[in-house]
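This report refers to the structure that appears directly beneath it.
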Number of protein chains: 2
Amino acid sequence: MKNKNGNTVPEKNIERLLLYRRILANLRREKKTAVFSHQLALMSDASPAQVRRDFMLIGYFGSPVRGYDIDQLIQSINEFVDAQEVQKVTLVGVGHLGRAILNYFQGRSDKLAITAAFDRNPEKVGRVLHGIHCYPTERIQEIVKAEGIDVAIITVPESEAQDVADRLVQAGIRGILNYAPIKLNLPPEIFVDNRDMLLAVEKIAFFARRRIRKESVS
Amino acid sequence: MKNKNGNTVPEKNIERLLLYRRILANLRREKKTAVFSHQLALMSDASPAQVRRDFMLIGYFGSPVRGYDIDQLIQSINEFVDAQEVQKVTLVGVGHLGRAILNYFQGRSDKLAITAAFDRNPEKVGRVLHGIHCYPTERIQEIVKAEGIDVAIITVPESEAQDVADRLVQAGIRGILNYAPIKLNLPPEIFVDNRDMLLAVEKIAFFARRRIRKESVS
DNA sequence: TATCCGCTGTGAATTTGATAACAACGTTAT
DNA sequence: ATAACGTTGTTATCAAATTCACAGCGGATA
Ligand SMILES: NC(=O)c1ccc[n+]([C@@H]2O[C@H](COP(=O)([O-])OP(=O)(O)OC[C@H]3O[C@@H](n4cnc5c(N)ncnc54)[C@H](O)[C@@H]3O)[C@@H](O)[C@H]2O)c1
Ligand SMILES: NC(=O)c1ccc[n+]([C@@H]2O[C@H](COP(=O)([O-])OP(=O)(O)OC[C@H]3O[C@@H](n4cnc5c(N)ncnc54)[C@H](O)[C@@H]3O)[C@@H](O)[C@H]2O)c1
């Protein structure tokens with residue numbers, strides 16, 4: 001969690017870098033080859049100064065005349081945020097939400113791959129859903145360790161989430177994306193991101209009433 | 001948009017207040033009647049001082065001896081964040097993700113209700129999914145206006161999202177929860193929250209790799 | 001009674017994050 | 001030539017968010 005200067009990298013910087021990367025990939029598809037900070041700023045709801053600061057962080061330098069070379073910039077972001085090899089991801093709880101996510105994830109990233117799913121429902125175990133093999137929950141320890149998976153997505157019911165999380169951590173997982181509406185109690189070195197759709201709608205409902213002009217990204 | 005002191009309310013404060021409310025509701029179910037700031041802090045990953053500051057914002061005062069009365073505190077948060085009447089929500093795109101969300105949402109909130117869904121697939125139109133009637137996309141304008149819906153959840157494919165968002169705004173929507181991986185171009189008074197699962201996993205993968213194991217001191 | 005205790009509410013201090021501002025520098029126009 | 005231009009990298013400034021730290025208080029203790 002330290003950058004080359006020995007300081008910790010703030011979460012927000014990483015979020016923005018990942019967003020820039022997606023935008024850049026789209027621009028490249030449109031045959032663009034270079035971009036200025038103010039253009040990226042518009043497309044990402046950041047300020048031009050912030051865009052430039054973010055690129056300072058990863059040590060990429062643009063040209064005052066041509067701006068940022070899109071291919072090189074993507075490459076620099078890749079080097080900063082990606083692992084050397086593909087990082088493996090697992091999903092636990094192949095229900096409504098789990099299947100939607102498996103479906104969405106497929107082929108979207110070349111540096112992340114969901115390589116196994118788990119469920120405790122015997123009807124789902126053994127099947128292949130959206131290209132992913134589904135194993136029984138009991139085999140989490142075995143398979144996560146064998147495959148070297150280090151990120152997990154939890155989409156089991158609220159009541160099961162803590163238990164599943166404990167097993168995953170036991171098996172060596174380092175980061176969790178948790179969709180169950182509950183705070184997981186885990187050791188501090190595990191990076192957890194909670195995604196609660198109900199809290200999100202409640203927040204939007206609040207600001208929709210109050211007419212705040214703002215856009216948030218996550 | 002303004003609190004009692006005339007200042008705009010930061011998004012983060014609202015997020016935390018909504019989280020406290022959920023935690024408080026759980027505590028009440030366990031027959032607890034009061035809680036201290038340091039207890040809430042533990043359960044919400046905030047600091048005790050921050051918890052107290054958040055309650056300053058909504059003007060609720062606890063007792064140094066008994067702490068915060070759970071029922072009263074919930075009531076105060078309700079008064080601050082909830083609308084007078086139920087706020088109506090719609091969902092557009094009843095696919096994998098859309099159905100998962102309809103399923104999850106049902107009966108979870110008494111101040112928010114999904115009262116209509118939309119899809120352009122004739123097979124889905126006219127059906128009732130998870131208790132919600134599904135209408136054709138062409139009727140967005142008509143039904144959103146008639147029902148007075150002011151928040152929308154977008155779960156259509158990327159290529160359709162901007163068009164759907166434009167229609168919704170046209171129909172009077174004030175806030176959008178957008179699950180399509182694209183930045184919506186909308187007037188600034190519309191509150192938009194983008195939820196991108198892929199960016200989330202990328203971020204977690206980054207910190208999962210980099211997070212330093214905290215050594216326990218013995 | 002007097003003393004101690006643990007918590008709240010909050011002003012002040014600190015930390016963190018965002019913006020402004022500008023020197024430096026190729027490019028273009030004249 | 002050289003002046004004007006537009007953008008970058010970066011420092012200085014500003015703003016927001018968080019934490020600190022402590023007065024004040026009601027209850028418990030002796
Ligand atoms: N954050 C969001 O946007 C959002 C949206 C919808 C649902 N959710 C949450 O996601 C979770 C799943 O929702 P859903 O609608 O997909 O539910 P679901 O019932 O359709 O799916 C749950 C799946 O988990 C499996 N499961 C249950 N216990 C398990 C265990 N111990 N180990 C492995 N698998 C187990 C079940 O067999 C089932 O396949 C719930 O916690 C729900 O609250 C979140
Ligand atoms: N952020 C996340 O976590 C996440 C996860 C999964 C999917 N997604 C995104 O959510 C969206 C939906 O994903 P999905 O897996 O449910 O896809 P899906 O194909 O299963 O569902 C899409 C639905 O939208 C309907 N639709 C298409 N065009 C429409 C239009 N113009 N008006 C109304 N309805 C229309 C289709 O008929 C279908 O029912 C996609 O944009 C996907 O990228 C996001």
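What you see is a predicted model; the values in this text were computed from it and never measured. Order of the sequence lines sets the chain letters (A, B, ...), proteins ahead of strands, with each chain counted from 1.
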- Message: I need the CG-C1' distance between Asp69(A) and dT7(D), as an integer number of Å.
- Response: 16 Å
- Query: Given dT8(C), dT10(C), dT19(C), which nucleotide is nearest the side-chain atoms of Met56(B)?
  - Reply: dT10(C)
- At under 4.0 Å, does any side-chain N or O of Ser63(A) touch on OP1 or OP2 of dT8(D)? no
- Message: Strictly below 4.0 Å: does Ser37(A) bring a side-chain N or O up to OP1 or OP2 of dT8(D)?
- Response: yes
- Item | Comparing Tyr60(A) and Asn13(B) on DNA chain D - which has the more 5′ nearest nucleotide | Tyr60(A)
- Task: Could you please name the option among dC7(C), dT7(D), dT18(D) that lies closest to any side-chain atom of Pro64(B)?
- Result: dC7(C)
- Rounded to whole Å, NE2 of His38(A) lies from P of dG9(D) at a distance of 14 Å
- Item | Enclosure of Glu147(B) CD (heavy-atom neighbours >12, cutoff 6.0 Å) | yes
- Does the base of dT10(D) carry an N or O that pairs as donor and acceptor with the side chain of Arg53(A) under 3.5 Å? no
- Message: Can you measure Arg52(A) atom CZ to dA20(C) atom P for me and round it to whole angstrom units?
- Response: 11 Å
- Item | Val65(A) side chain, from C-beta outward: closest of dC25(D), dT27(C), dT10(C) | dT27(C)
- Note on the structure: By nearest-nucleotide position on DNA chain C, the 5'-leaning member of Phe36(B) and Ala49(B) is Phe36(B)
- If you check every side-chain atom of Tyr68(A), which of dT8(C), dT7(D), dG9(D) has the closest atom? dG9(D)
- Message: How many whole angstroms separate atom CZ of Arg16(B) from atom C1' of dT19(D)?
- Response: 12 Å
- Note on the structure: note: Gln50(A), atom CD; dA16(D), atom C1'; distance rounded to Å ~ 13 Å
- Query: Do Gln87(A) and Arg209(B) have a side chain donor and acceptor closer than 3.5 Å?
  - Reply: yes
- Between atom CD in Gln39(A) and atom C1' in dT7(D), what is the gap in whole Å? 11 Å
- Query: Will you find, in the side chains of Asn178(B) and Arg195(B), an N or O donor that is under 3.5 Å from an N or O acceptor?
  - Reply: no
- Query: Considering only heavy atoms and no angle criterion, is a donor-acceptor pair shorter than 3.5 Å present between the side chain of Arg66(A) and the base of dG26(C)?
  - Reply: no
- Query: Is the ring centre of Phe191(B) less than 6.0 Å from the ring centre of Phe206(A)?
  - Reply: no
- Task: Pick base, sugar-phosphate or nothing for Phe55(B), based on heavy-atom distances below 4.0 Å to the nucleic acid.
- Result: nothing
- Message: Need one value for Pro48(B): base, sugar-phosphate or nothing, where a base atom within 4.0 Å counts as base even if backbone is also close, heavy atoms only.
- Response: nothing
- Message: Would you say the ring centers of Phe55(B) and Tyr68(B) fall short of 6.0 Å from each other?
- Response: yes
- Indicate whether the side chain of Tyr104(B) and that of Asp196(A) have a donor and an acceptor atom separated by less than 3.5 Å. yes
- Task: Looking only at side-chain atoms of Phe61(A), point me to the closest of dC20(D), dT10(D), dG17(C).
- Result: dT10(D)
- Could you tell me the separation between the CD atom of Glu11(A) and the P atom of dT16(C), rounded to a whole number of Å? 14 Å
- Message: In this structure, how many angstroms lie between the P atom of dG17(C) and the CG atom of Leu17(A), rounded?
- Response: 14 Å
